[in-house]
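What follows is a set of notes on a single structure, which appears directly below.
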Amino acid sequence: MTRDEIDALDAADPLAPMRARFALPDGVIYLDGNSLGALPRDTGAAMADMVSRQWGDRLIRSWNEGWIDAPTRLGGKIAPLVGAATDEVIVGDSTSANLFKALVAALRIDPARRVVVSEAGNFPTDLHVAEGAVACVPGAMLKVVPRGEVLAALGPDTAVLMLTHVHYKTAERFDMPSVTATAQAAGAVMLWDLSHSAGAVAVELDAANADLAVGCTYKYLNGGPGAPAYLYVARRWQERLASPLSGWMGHAAPFAFADGYEPAPGMKRWLAGTPPMLAMAALETGLDLWASVDRAAVWAKSAALWRIMAAAGEAAGLECVTPADAAARGSHISFRHPDAHALTQALIERGVIGDFRDPDVLRLGLTPLYLSHRDVWQAGEILGEIVRSGMYREERFGERLAVT
Ligand SMILES: Cc1ncc(COP(=O)(O)O)c(C=O)c1O
Ligand SMILES: Nc1c(O)cccc1C(=O)C[C@H](N)C(=O)O
């Protein structure tokens, strides 16, 4: 595509005004919003209000002035982004902790079903937490198989199929309705990790008849580093499942201060301890940005941005490991290259921030809310220059960073 054609796409982009809602540094093209989303401009003021007024002035009274309901209120704001009803999503804890709660709860449904099935190469925390969860349930075990074998691995002993909807490394996307239906036909509960999906691609949990889902909010939802995660439990399961982390905030009457635990009705039972209100304030600002956004325009722009970067990668002779079919991928693009780490570092030196995923993947996140078509095109031009010139082989790009 020519630069004029790219600029015409920006001129017609209904999401173009959203960019001004983010504080992005000058001289940077940020292609890592799939790891840590950009800072919304309103977040600073919202945090200042949280600290000075809500905490400083209102003190403990703030719990009755919006704090105590934050987990369900924010869950309700995430619900439309994942195709759920507002009373099916709650915000709290990390994705890792929510995975644990969901897995143990699902393993307790039927003592004859003791196996958690997942994909080799799933995001590490999913597999690590599953290891820990099965160790807490007598007789339970984890079966990790290659991606193409997950459905064949389901059997009469399967309790849960746990998959990440959009793969963190390759951006491959599972077909949620058909995979869910296959898992359920085998008698298993389906647990989706939506960390790379929500705010990136259309997700319809209720329409897919999903059972359980988790996801993080610091990527496409722009909640800030370590922002609280969310948990979805389909309505039909809500009174049948209970959290193994039975903390007081999930009690039916926390302020009755009872000795015995009685789970709250609905989603509140999945809460454990006190919600982190400073982090909740930042997250709510990120979520509120989505209220006025035409989601169909986001999914369409994601596909358009992807095509621009795919063309640049192809022109540079890079091997793309992300599916070309828009329905079979998320909103990032990954290239395999033996010097992917050095390429990532060389790009960062030129102002294009992407990331490296071990052992050989250069990963570029394409966030439709704040990237223009021109940004992605320009990043593609820079990528081409770096590859063709071979400058990424220079010694200074050889040093491995602790966090990539
Ligand atoms: C698929 C997936 N699950 C989970 C996580 C992270 O979980 P946590 O927020 O608990 O670190 C990530 C990214 O960090 C992820 O990509
Ligand atoms: N959560 C992260 C962190 O605390 C440090 C560095 C990266 C992350 C990430 O979120 C990684 C991300 N989930 C990934 O897909 O690679």
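As the structure is a computational prediction, the values presented were derived from the model and not from experiment. Whatever order the structure lists ligands and atoms in, that order sets their numbers, starting from 1. The residues of the chain are indexed from 1 along the displayed sequence.
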remark   = protein heavy-atom neighbour closest to atom 12 (C) of ligand 1 works out as Phe123 CE2, 3.4 Å
message = Can you confirm if the NZ or CZ of Arg329 lies within 45° of the ring axis of Trp306 and under 6.0 Å from the centre of its six-membered ring?
response = yes
Tabulated below should be the N or O atoms of ligand 2 paired with protein N or O atoms at under 3.5 Å; can you produce that?
residue: ligand 2; atom: 1 (N); partner: Tyr218; partner atom: OH; Å: 3.1
residue: ligand 2; atom: 10 (O); partner: Lys219; partner atom: NZ; Å: 3.1
residue: ligand 2; atom: 13 (N); partner: Lys219; partner atom: NZ; Å: 2.5
residue: ligand 2; atom: 15 (O); partner: His196; partner atom: NE2; Å: 2.7
residue: ligand 2; atom: 15 (O); partner: Arg363; partner atom: NH1; Å: 2.8
residue: ligand 2; atom: 16 (O); partner: Arg357; partner atom: NE; Å: 2.8
residue: ligand 2; atom: 16 (O); partner: Arg357; partner atom: NH2; Å: 2.9
residue: ligand 2; atom: 16 (O); partner: Arg363; partner atom: NH1; Å: 3.3
residue: ligand 2; atom: 16 (O); partner: Arg363; partner atom: NH2; Å: 3.1

ask   = Hey, is Asp288 close enough to Arg21 for a salt bridge, meaning N to O under 4.0 Å?
value = no
Aromatic Phe174 / basic Arg147 pairing, under 6.0 angstrom, 45° off normal = yes
request  = Please work out whether the ring planes of Tyr168 and His196 are parallel, tilted or perpendicular, with thresholds of 30° and 60°.
outcome  = tilted
task = Please indicate whether any nitrogen or oxygen in Asp193 is less than 3.5 Å from any nitrogen or oxygen in ligand 1.
result = yes
message = Under 4.0 Å, heavy-atom basis, I'd like to know which part of Asp126 is in contact with ligand 1: side chain, backbone, both or neither.
response = side chain
key: From CA spacing to verdict: side chain to side chain contact (heavy atoms under 4.5 Å, CB included), Met141, Val116   = CA-CA 6 Å; Met141 61 171 281; Val116 175; over 6 Å; no
request  = Supply the atom-to-atom distance Ile353 CD1 to Ser35 OG, rounded to the nearest 0.5 angstrom.
outcome  = 11.5 Å
query = What is the closest protein heavy atom to atom 6 (C) of ligand 1, and at what distance does it sit?
reply = Tyr218 OH, 3.3 Å
query = What atoms of ligand 1 come within less than 4.0 Å of a heavy atom belonging to Thr125?
reply = 4 (C), 7 (O)
key: N-O pairing of Asp360 and Arg336 below 4.0 Å   = yes
query = For atom 13 (C) of ligand 1, what's the nearest protein heavy atom and its distance?
reply = Lys219 NZ, 3.3 Å
query = At what distance is the nearest protein heavy atom to atom 10 (O) of ligand 1, and which residue and atom is it?
reply = Ser96 OG, 2.6 Å
task = Using a strict cut-off of less than 4.0 Å between a Lys/Arg side-chain nitrogen and an Asp/Glu carboxylate oxygen, indicate whether Arg374 and Asp10 qualify as a salt bridge.
result = no
request  = Any chance you could measure Leu9, atom CG, to Asp7, atom CG, to the nearest 0.5 Å?
outcome  = 9.0 Å
message = If I apply the N/O under 3.5 Å rule, does Thr164 come out as touching ligand 1?
response = no
key: atom 16 (O) of ligand 1: the protein heavy-atom neighbour that sits closest, reported with distance to 0.1 Å   = His196 NE2, 3.0 Å
ask   = Do any N or O atoms from the side chain of Arg19 and from the backbone of Ala16 form a donor-acceptor pair under 3.5 angstrom?
value = no
query = Tell me, which protein residue and heavy-atom name are nearest atom 7 (O) of ligand 1, and how many Å apart are they?
reply = Thr95 CB, 3.5 Å
Qualifying side chain to side chain donor-acceptor pair (under 3.5 Å) pairs with a residue from residues 224-239, counting only residues at least two apart or across chains = Asp87-Arg235, Asp206-Tyr232, Asn209-Arg236, Asp211-Arg236, Asp211-Trp237, Glu239-Arg269
note = Taking only non-hydrogen atoms of Ser94 and a 4.0 Å limit, the atoms of ligand 1 in range are 10 (O)
